[in-house]
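What follows is a single structure, written as structure tokens, with notes after it.
If you're wondering where the values come from, they're calculated on a predicted model, not measured in any experiment.
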Amino acid sequence: MNHMSDFRPVAPEHASRLINHGPTVLVTSADGSRRNIMAAAWSMPVEFTPPRIAIVIDKHTYTRELIAKTGAFGICIPGTALVDLTYAVGNASGRDLDKFARYDIDAKTGPVLGMPVIEAGCSAWLECRLIPERHTEDAYDTCFAEVVAAAADARVFANGHWTFDSGNAALHTIHHLGGGNFVSAGNTIRART
């Protein structure tokens, strides 16, 4: 019995999209007089205690310039209601305009590092202190950071768990599939244990 496979080769430039299902995030930065916001699709936790994350931020971005000056940044997790905003801030440079003003983004000041954090339309935010790792930053555009403060909308994240249902659809995380295409988290499915 010769079974035809439905599998086809994936181009190397698209291989990372196969495992890139973490939420697309908004990265905020500020140095006192200037502030910026950008979208990032590649971030992940790397340690529980203390909480540490890794995030890919191109070395040529205005965000990286601000992070280098302050050693701090914010991560805001947009819900489906902010998909258009997420795409827009990901396709404009903060060197050219204040994206917070241009897109009328209401940001609060983070409690520990003073980074801009967004609650309206977002499911959560984290304030992060950069852990300097020059090699990975220069070679791979990957920044490591310790999370020093975090908050989440209890309608979608409570007691350490996400709950995605029809009552909180606007807060479902979004996941960039490439080329301006996103998918939302959908409904929570619990495994039988």
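The 12-atom threshold is exceeded at CG of Asp138, counting heavy atoms of other residues, nucleotides or ligands nearer than 6.0 Å.
Asp98 places a side-chain N or O within donor-acceptor distance of the main-chain N or O of Ala101, the cut-off being under 3.5 Å. Looking only at distances, no side-chain donor or acceptor of Thr142 sits under 3.5 Å from a matching main-chain atom of Ile55. A donor-acceptor contact shorter than 3.5 Å links the side chain of His175 to the backbone of Gly22. Checking side-chain atoms of His135 against main-chain N and O of Ala139 turns up no donor-acceptor pair under 3.5 Å. Not a single donor-acceptor pair under 3.5 Å links the side chain of Glu127 to the backbone N or O of Val147.
Looking at heavy atoms from C-beta onward, Ile57 lies in side-chain contact with Met38 at the 4.5 angstrom threshold. The closest side-chain heavy-atom distance from Arg129 to Arg52 is not below 4.5 Å. In this structure the side chain of Cys76 reaches within 4.5 angstrom of the side chain of Thr28, judged on heavy atoms.
Side-chain atoms of Asn36 and Ser29 form no donor-acceptor pair, as typed in the model, at a separation below 3.5 Å. For the 3.5 Å distance criterion, the side chains of His161 and Thr163 fail to qualify, holding no donor opposite an acceptor.
Taken to the nearest 0.5 Å, the CZ atom of Phe182 stands 8.5 Å off from the CG atom of Leu177.
Salt-bridge check for Glu65 with Lys59: failed, with every basic side-chain N at 4.0 Å or more from each acidic carboxylate O.
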